[in-house]
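In what follows, chains are A, B, ... by sequence order, proteins preceding strands, each numbered from 1.
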Amino acid sequence: MSKAKQQTLDEFLSATPVKKDVQSKHAESAQQSTIRKTEINQEGRKLKVEMTPPEEGRNYLLLQVDYDGKEGKAFCKLYDPISGKVHILYDNTKHMPYFLTDVPTDKISKISKIVKDSSFDKIEIVEKIDPFSGKKVKLTKIVTKDPLAVRRMRDAVPIAYEAHIKYFNNYIYDLGLIPGMPYTVSDGRLTLTGKIPSKEEGEALIKNLEYVDEVAIRTAIDWFPIFETPIPTVKRVAVDIEVYTPTKGRVPNPKDAEFPIISIALAGSDGMKKVLVLRRNDVGGFEGTLDGLDVEFFNNERSLMNRFFEVVSNYPVVLTFNGDDFDIPYIYYRAVKLGIGDWAPFTVIKQEGKPATKYNLGLHIDLFRFFFNKAVRNYAFEAKYSEYNLDAVASGILGASKIKLDTIVSFVDLKTLILYNYRDAEITLGLTTFNDELVWKLMILLARISKLGLEELTRVEVSTWIKNLYYWEHRQRGLLIPSKEEIARRGKIRTSAVIKGKGYKGAIVIDPPAGVFFNVVVLDFASLYPSVIKNWNISYETVDAETCSKERDVIDESGQVLHKVCMERIGLTALITGLLRDFRVRIYKKKSKQKDIDPSQKALYEVVQRAMKVFINATYGVFGDDKFPLYAPAVAESVTALGRFVITSTLKKAGEIGLRVLYGDTDSLFLHNPPKKELEGIVEWVKKQFNLDFEVDKTYKLVLFSGLKKNYMGVSQDGKVEIKGMLAKKRNTPEFLKTSFNDVKTIIASMQSEADVNAAKEKVAQEIKEIYTRLKEKGYNLDQLAFKVMLSKSIDQYTKTMPQHAKAALQLKNSTGINVTSRDIILFVKVKGKDGVKPVQLAKLKEVDVEKYVEAVRSTFEQVLKAFGLTWDDITSRISIDSFFTPQTR
DNA sequence: GCGGACTGCTTACCT
DNA sequence: ACAGGTAAGCAGTCCGCG
């Protein structure tokens, strides 16, 4: 273990308990309970492993909260960083499932669907704060003996509050638990430990955040431990299986589990490198050692699997890539088929749609699900991967890839199989360990912020994270979680979107000129939407409040008043979004850029600010999503309207003080040759006018604008090129266009000043002419010519139109039997003839429709040509002059 | 029946 | 099941022409 990690663990173990006792007052004595017994099977393998309660006074990491149907209780999974084991702590606070309603108790007692239900427990009266009025209200609490009863009863009343929350999450809210944080156990109760701010730290924090409001200060102090408490590493193992398949192109179905598991690889964070492999007659045998790998051979599948169960049981966390859909259910159903299902430490729950898999001795994290998450992809990893298989994700963020096979795993020799299998497990583990465990730390921080257990966190989308975070905050503040109807009743939409079918008007994009411009400075508003939410106090309960004495107008770029915001109290979303934004911008972004600090500490700050970014950037969007339980269209509409107001006002001011604005999109302005004084002037004006940070984001040596919106090339002083939106950048563009565009890019990047433009223009024209000529001479092969388009749904779901890639996929399926499914990338070329396309696998070079490719060359390069004032005809007419013997007809 | 104008669908990008 | 805005290319439809 490295020194840095050791320190972290020590810090973790010596963490100070937070004074307040977060668990309920009704705690009873610790309850002894075990989930499984240790048993030895016929082969002498230790297969059923005991799950014991945690010890008193020790420090544990809370990983997960779940519900045990047999015990009828919620339980916590607690990780012990010293033993590397997970312990189970059952609820001993007599917490029970419930929901709320405004129907009075005497009326409830007459509803037989509720009181006659076998799981009905009792009725109570509770006091909550109505988020809209801020006043206390009395509600009826219906308590049940099991969570399913809530589902049966909630429709028996006109309005049921908080009745759609999963029980174990309700448990987390009521006990104020924070998954991902350390806890000690005393008298069978959890007490939060972790880094609480000292007096000096607290004062420094409030000063840095510039907070004066009492509620905001208290919330900031409450949130401090979430970001500052060290994150311990957790012992874990990546698992990957290989299954025998008789034919290519057929993925085995886990439910049937009809083919044998021929190899299982395990890569442990403790250094274990193990492959369990089946001896077979059909492929070349192999015995011996392999390059640091611990290989074990088995004569039959049953003993291979039993050994796997034994080995995996030593780990509290199992990692897979797509294990939810394949590896874990396959292992489970195969074990059942072989008569050893009872030994498998996994549970496969058949839920609507997707299978959910559980690892009984800890956690199973399916990294595919986590990396597929849109918010993780875009905000945490800045779209470094755009395909979602292990190879693409690992290459995108690790730079490591799978071992390439010419055939399928069933046919390779054992040595190749072992190496191939192990590599998959190794890179799966690597995805959580690279860069000082960045991904593991990110997951823990996301769990702390969202208050979701790790298993749920890694399987749901960002809207669920945000929903859970807000529910938790409501409960902690005694606020009633409002129904969707109550929110929708208030703010009505006042604008219409530019795009058909969208709910409300969005951002402004300034039309750019076509041309090459030297010395361009890009200014942007730091976290515009979150800052607007904070500064204008935007929240579902403050926008268009029914009664309010202190209101502020929400205006758009034309000065029209769209909504009114109540400024009497801080709105909850304004508070939380503002807090995350301020923590990120004023503290962690700065800390992550410090030069004189410990690199591992610096990396942690980087993860912290990234985790915050995920929530900050998605918060605005969820309130504009009609499926979100706190859907508040007036909130979303107010945010974009104010955003337009801000950028339009700034644009106008910039013009007044003589700045030349070339372009802008949503929250940015591109300025041509801005003098220092005016630049500082506009920044100051924005700060004074809106209390927003308007910062220099980038300084480009030159920017090439195609004349299209969201479409340009920016070159930094050091020659680094950023391409935005251009065709050559798109994933579906054929390779020959991408590579030839690179040469053009190099010419553009080498320009130093206006004086170089004419020479560059000539070179660019020449280059494009050569590409055009080579294409006409069929100088490219099929792979280079292939368009690569993702099938976003299964073929039979293309009912309205049949796009080209779907046609190609259909041909592939019909003539080769190769299975094509949603998310597959289809490679096809454009050909003459019926469909106009053929999958590369079936096409021949001579069928290629050259005219179609000329079109592709034209549209790709026209985006650059336009900036130089050239047209496509300028290129093709040169050809007709140059190529004397083969004049073109155009 | 043909072809241009148009709308709609699909994919992939930007903020 | 976070949002709206922009672009490209094709599929499919409508409509006038003759």
Side-chain angles (χ1 to χ4, degrees), chain A residues 353-354 372-379 382-383 386-387 460-467 493 495-512 522 524-525 527-530 577 614-633 635-641 643-644 647 663-669 697 706-712 714 722-733 787-793 797-807 823 825-826 830 835-837 852 855-856 858-860 862-863:
Chain A
K354 290 212 160 177
F372 188 68
N373 182 298
K374 215 169 98 188
V376 170
R377 235 150 63 202
N378 294 338
Y379 305 131
E382 286 157 347
S386 58
E387 294 168 42
V460 297
E461 294 290 331
V462 70
S463 60
T464 306
W465 301 354
I466 293 173
K467 174 187 82 178
I493 293 171
T495 59
S496 50
V498 173
I499 308 166
K500 238 188 219 172
K502 300 277 186 186
Y504 55 92
K505 198 166 194 289
I508 284 178
V509 187
I510 299 165
D511 218 350
V522 183
D524 77 3
F525 296 93
S527 306
L528 178 64
Y529 287 177
T577 308
V614 170
F615 285 86
I616 293 165
N617 287 344
T619 297
Y620 142 72
V622 295
F623 286 101
D625 171 15
D626 60 8
K627 270 92 69 194
F628 188 62
L630 297 172
Y631 171 53
V635 162
E637 187 183 43
S638 296
V639 173
T640 56
R644 294 193 303 276
I647 196 168
Y663 174 64
D665 185 349
T666 312
D667 61 355
S668 64
L669 292 180
D697 182 36
S706 65
L708 296 169
K709 291 172 177 180
K710 301 184 190 284
N711 198 286
Y712 62 89
E722 281 176 87
I723 298 175
K724 298 287 181 185
M726 297 190 130
L727 274 172
K729 181 184 180 160
K730 303 212 173 196
R731 189 190 52 200
N732 55 1
T733 299
F787 288 85
K788 302 170 196 171
V789 182
M790 190 187 284
L791 216 51
S792 70
K793 49 194 174 191
Q797 283 173 295
Y798 288 88
T799 51
K800 287 164 180 159
T801 55
M802 188 55 85
Q804 292 190 321
H805 66 294
K807 281 181 188 165
R823 292 199 302 274
I825 307 270
I826 309 297
K830 299 193 181 180
D835 282 350
V837 291
K852 288 284 183 199
E855 272 304 296
R858 184 191 59 75
S859 54
T860 302
E862 224 165 41
Q863 297 184 339

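When the nucleotides C/dG12, B/dT15, C/dC2 are ranked by their closest atom to the side chain of A/Tyr712, B/dT15 comes out on top. The listed nucleotides are C/dC2, C/dA8, C/dG5; the one nearest the side chain of A/Lys505 is C/dG5. With B/dT15, B/dC14, C/dA11 as the choices, the nucleotide that has an atom nearest any side-chain atom of A/Lys729 turns out to be B/dC14. When distances run from any side-chain atom of A/Lys830 to the nucleotides C/dC2, C/dT6, C/dC10, the shortest one goes to C/dC10. Taking every side-chain heavy atom of A/Arg731 into account, B/dC13 is the closest of B/dT10, C/dC2, B/dC13. Listed nucleotides: C/dC10, B/dA12, C/dC2. Nearest to the side chain of A/Lys852: C/dC10.
Within the 4.0 angstrom heavy-atom criterion, only backbone atoms of the sugar-phosphate kind lie near A/Leu708; the bases stay farther away. At a threshold of 4.0 angstrom between heavy atoms, the contacts of A/Phe615 with the nucleic acid are absent. Looking at heavy-atom distances under 4.0 Å, A/Lys500 makes contact with sugar-phosphate atoms alone, never a base. Across all strands, A/Ser859 comes closer than 4.0 Å only to sugar-phosphate atoms, never to a base (heavy-atom distances). Contact annotation for A/Lys627: base contact, defined as any heavy-atom pair under 4.0 Å involving a base atom. Using a 4.0 Å heavy-atom cutoff across all strands shown, A/Tyr798 reaches sugar-phosphate atoms only and no base atom. When heavy atoms are screened at a 4.0 angstrom cut-off, A/Ala497 is found touching the sugar-phosphate backbone but no base atom. Within the nucleic acid shown, A/Ser792 comes within 4.0 Å of sugar-phosphate atoms alone, with no base atom in reach, counting heavy atoms only. Residue A/Gly621 is in base contact, counting any heavy-atom pair closer than 4.0 Å across all strands shown. If you check every strand for non-hydrogen atoms under 4.0 Å, A/Gly836 touches nothing. Counting any heavy atom pair closer than 4.0 Å across all strands shown, A/Lys730 reaches a base atom.
Judged by distance alone, the side chain of A/Asp625 and the main-chain N or O of A/Lys627 form a donor-acceptor pair under 3.5 Å. When atom types are taken as modelled, the side chain of A/Arg644 and the backbone of A/Gly506 share a donor-acceptor pair closer than 3.5 angstrom. In this structure a side-chain-to-backbone donor-acceptor pair under 3.5 Å is present from A/Thr495 to A/Lys505.
Put simply, A/Lys710 has no side-chain N or O that comes within less than 4.0 Å of OP1 or OP2 on B/dA12. Contact check, A/His805 against B/dT10: no side-chain N or O comes under 4.0 Å of OP1 or OP2. OP1 and OP2 of B/dC9 both lie 4.0 Å or more from every side-chain N or O belonging to A/Thr801. Note on A/Tyr663: every side-chain N or O is 4.0 Å or more away from OP1 and OP2 of C/dT6. Here A/Lys709 does not reach the OP1 or OP2 of B/dC13: none of its side-chain N or O atoms lies under 4.0 Å away.
The cationic atom of A/Lys793 (NZ for Lys, CZ for Arg) lies less than 6.0 Å from the six-membered ring centre of A/Tyr798 and within 45° of the ring axis.
Atom pair A/Asn617:CG and C/dA3:P shows a separation of 14 Å (rounding to whole Å applied). Atom CD in A/Gln804 sits about 18 Å away from atom P in B/dC9, given to the nearest Å. Computed from coordinates, the A/Ile647 CD1 to B/dC14 P distance equals 17 Å when rounded to whole Å. Taking atom CE of A/Met802 as the reference point, atom C1' of B/dT10 lies 12 Å away to the nearest angstrom. Note: CE (A/Met726) to C1' (B/dT11) measures 19 Å, nearest angstrom. Here the P atom of nucleotide C/dA1 and the CZ atom of A/Phe628 are 12 Å apart, to the nearest Å. As a whole-Å value, the separation of A/Asp835 CG from C/dG12 P is 11 Å. If you measure from atom OH of A/Tyr529 to atom C1' of C/dG4, you get 7 Å, rounded to the nearest angstrom.
Note on A/Glu855 versus A/Lys852: no salt bridge recorded, every NZ/NE/NH1/NH2 to OD/OE distance being 4.0 Å or above. Contact check on A/Lys709 versus A/Asp665 returns no salt bridge, with no Lys/Arg side-chain nitrogen under 4.0 Å from an Asp/Glu carboxylate oxygen.
A/Phe623 and A/Phe628 have perpendicular rings, their planes meeting at more than 60° on a 0 to 90° scale where under 30° would count as parallel.
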